[in-house]
Student: 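My structure is below; once you've seen it, I'll send some questions.
Numbers here are sequence positions counted from 1.
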Amino acid sequence: MALFAGIMLAWSPVSVAETKIKVGVYHFPPVASVGPDGKPTGLLGDLLEELVQIHGDISFRVVHTSPKRRFLDFDAKLYDVMIFECPDWDWRDKEVSISRPLLVDEDFYVALRKPGRDLSFFDDLPSHTIAAISGYHYRFAGYETDHSVLEQKFRIEFSDNHSRNLKLIKVDRPSVAEVAIVSHSYLQMHLAGHPEDRDTLLISDKPDQRYQLAIIARKDGTPSADEILTLLSPLIKNGRYQRLVEKWGLRLPAGFPTGDEAP
């Protein structure tokens, strides 16, 4: 799937007093996205604001990428670091360093609730039309992201956001989309704003996948994954990072360090 959200950073010392970090973002709400004004939103937006406040010698510039383009941009060295990305999403074969996990989330199947339809509806996913986000990695698809390959195996509709996919489900057009795959954190955010959908939507009780999101950096590059983690350390120690994570309906990994245990 869905960086990240992802966050991509390219480290470039400008002077002794300032380090400029180029931040790339793809649509991965509520972890990260880019607003109409070009500024990052979600957990990423809050986190960058906090980092600027505590590290006066750092500045950020946002660069918008996409789920499909993020690997091409990495290979082209347009950025060197990604925060909030799952290493299992086509990163293992690249020359990268990986931090400890910073977040956990999971994806669920969503359909329209109808008389006689229960959770067994999700047992045979290939028999249904599927709404998915282009460039996201899904377990049911073997983490394949190539459109032509996926279209040979599934009846699949690609879009660029969860909101559109949920709307396709709610308008009840089985020929277009019967099942959407949506992250737990986004579902909670959607249902908080649309409580009526709790009775409208049928949500699977088993996830498509569970994933841990970490910092990924170019191997032997600067900054390294651990150096970015060190920048976050003050926010982890004082509990601010945990509060930001919870604000966006996200979760910390089991055993994540806090207080004096923070990196």
Side-chain angles (χ1 to χ4, degrees), residues 1-6 25-35 40-47 67 84-86 88-89 101-114 117-123 125 128-141 143 145 154 156-174 176-213 242-254:
M1 175 164 117
L3 149 175
F4 140 29
V25 188
Y26 70 83
H27 188 69
F28 189 22
V31 176
S33 194
V34 178
T41 60
L43 175 60
L44 168 61
D46 286 350
L47 188 62
F84 303 138
E85 179 76 347
C86 179
D88 295 328
W89 294 339
L102 300 176
L103 292 174
V104 293
D105 208 350
E106 50 195 341
D107 293 339
F108 287 91
Y109 306 129
V110 181
L112 187 66
R113 190 181 295 274
K114 291 184 175 184
R117 178 179 288 181
D118 59 21
L119 293 175
S120 65
F121 182 75
F122 301 113
D123 290 347
L125 204 65
H128 305 303
T129 49
I130 302 167
I133 294 183
S134 178
Y136 275 26
H137 294 72
Y138 300 105
R139 185 182 61 83
F140 82 87
Y143 303 102
T145 60
F154 305 98
I156 192 164
E157 172 80 10
F158 295 104
S159 79
D160 61 3
N161 65 82
H162 289 311
S163 177
R164 178 177 182 271
N165 289 350
L166 288 176
K167 288 178 180 177
L168 288 175
I169 296 301
K170 291 168 62 177
V171 299
D172 194 15
R173 294 178 60 194
V176 177
E178 294 174 287
V179 177
I181 305 96
V182 185
S183 70
H184 174 269
S185 56
Y186 186 89
L187 269 175
Q188 297 310 303
M189 183 173 67
H190 174 85
L191 293 174
H194 304 83
E196 69 280 2
D197 280 354
R198 294 185 184 276
D199 295 325
T200 302
L201 300 175
L202 179 68
I203 302 170
S204 62
D205 60 342
K206 298 177 182 178
D208 174 75
Q209 64 172 323
R210 294 186 174 97
Y211 42 88
Q212 296 186 325
L213 305 176
Q242 181 174 353
R243 291 192 293 274
L244 291 177
V245 168
E246 292 172 349
K247 169 188 172 181
W248 291 101
L250 292 154
R251 292 168 288 176
L252 296 174

Student: What heavy-atom pair brings L102 and L252 nearest, and what distance separates the two atoms?
Tutor: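 Looks like O-CD2, 3.6 Å.
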Student: Sequence neighbours excluded, which residues qualify as side chain to side chain contact (heavy atoms under 4.5 Å, CB included) partners of V104?
Tutor: Q212, R251, P253
Student: Can you see which heavy atom on C86 is nearest to which on L213, and at what distance?
Tutor: N-CD2, 3.5 Å
Student: Who pairs with A180 by side chain to side chain contact (heavy atoms under 4.5 Å, CB included), at least two apart in sequence or on another chain?
Tutor: A131, N165, I169, V182
Student: Name all residues meeting the salt bridge (charged side-chain N to carboxylate O under 4.0 Å, His left out) criterion together with R113; count only those two or more places apart in sequence or in a different chain, and write none if there are none.
Tutor: none
Student: Under the side-chain hydrogen bond (donor to acceptor under 3.5 Å, both in side chains) rule, what do D105 and Y186 come out as? Steps first, then yes or no, please.
Tutor: CA-CA 10 Å; D105 208 350; Y186 186 89; over 6 Å; no
Student: Looking only at non-hydrogen atoms, find the nearest pair between P207 and R210 and report the distance.
Tutor: CG-CZ, 3.6 Å
Student: To the nearest 0.5 Å, what is the distance between CH2 on W248 and CG on L43?
Tutor: 8.5 Å
Student: Look up atom NZ in K247 and atom CG in D46, then write down how far apart they are to the nearest 0.5 Å.
Tutor: 3.5 Å
Student: Tell me whether T145 contacts the main-chain N or O of G135 through its side chain, where contact means a donor paired with an acceptor under 3.5 Å.
Tutor: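 Judged by distance alone, no pair lies under 3.5 Å.
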Student: For H184, enumerate each residue passing the ring pair (Phe, Tyr, Trp, His ring centres under 6.0 Å) test, keeping only those at least two apart in sequence or located in another chain.
Tutor: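 In terms of ring pair (Phe, Tyr, Trp, His ring centres under 6.0 Å), with neighbours along the sequence ignored, H184 is linked to no residue.
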Student: When rounded to the nearest 0.5 angstrom, what is the spacing between NE2 in H162 and OG in S185?
Tutor: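 So the NE2 of H162 and the OG of S185 are separated by 7.5 Å.
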Student: Under the side-chain contact (heavy atoms from CB on, under 4.5 Å) criterion, do L202 and L119 qualify, and how do the steps go?
Tutor: CA-CA 8 Å; L202 179 68; L119 293 175; 4.1 Å; yes
Student: Write out all pairs satisfying salt bridge (charged side-chain N to carboxylate O under 4.0 Å, His left out) with one or both partners inside residues 156-173, taking only residues at least two apart or from two chains.
Tutor: K114-D172, E157-R164, K170-D197
Student: Taking side chain to side chain donor-acceptor pair (under 3.5 Å) as the definition, give me every residue that meets it alongside R139, ordered by chain and number, with sequence neighbours left out.
Tutor: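 Side chain to side chain donor-acceptor pair (under 3.5 Å) list for R139, sorted by chain: empty.
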Student: For the residue pair L112 and T200, establish whether any side-chain heavy-atom pair is separated by less than 4.5 Å.
Tutor: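 L112 vs T200: side chains touch.
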Student: Could you tell me which residues satisfy side chain to side chain contact (heavy atoms under 4.5 Å, CB included) with S204, sequence neighbours excluded, listed by chain and number?
Tutor: F108, Y109, F122
Student: Under the side chain to side chain donor-acceptor pair (under 3.5 Å) test, which residues partner N161, sequence neighbours left out?
Tutor: none
Student: Mind checking what makes side chain to side chain donor-acceptor pair (under 3.5 Å) contact with K206, not counting sequence neighbours?
Tutor: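 With sequence neighbours excluded, K206 shows a side chain to side chain donor-acceptor pair (under 3.5 Å) to no residue whatsoever.
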Student: Let's go through F140 and I130 carefully: what are the C-alpha distance in whole Å and the side-chain angles of both, what is the deciding distance for side-chain contact (heavy atoms from CB on, under 4.5 Å) to 0.1 Å, and is it a yes or a no?
Tutor: CA-CA 11 Å; F140 82 87; I130 302 167; 3.7 Å; yes
Student: Do the side chain of S33 and the main chain of T41 share a donor and acceptor less than 3.5 angstrom apart?
Tutor: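 Pair absent, no side-chain N/O of S33 close to backbone of T41.
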Student: Could you check if a side-chain atom of Y136 sits within less than 4.5 angstrom of a side-chain atom of I181, using non-hydrogen atoms only?
Tutor: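 No. Closest side-chain heavy atoms not under 4.5 Å.
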Student: In the structure I gave you, are the side-chain heavy atoms of L47 and F84 within less than 4.5 Å of one another anywhere?
Tutor: yes
Student: Could you pull out all residues at least two apart from R243 that satisfy side chain to side chain contact (heavy atoms under 4.5 Å, CB included)?
Tutor: R240
Student: Using the side chain to side chain donor-acceptor pair (under 3.5 Å) criterion, which residues pair with D118? Sequence neighbours excluded.
Tutor: S120
Student: Going through the checks in order, is the side-chain contact (heavy atoms from CB on, under 4.5 Å) test met by L191 and I203?
Tutor: CA-CA 12 Å; L191 293 174; I203 302 170; 4.3 Å; yes
Student: Using a 4.5 Å cut-off on heavy atoms from C-beta on, say whether the side chain of S183 contacts that of Y211.
Tutor: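 Contact flag for Y211/S183 side chains = yes.
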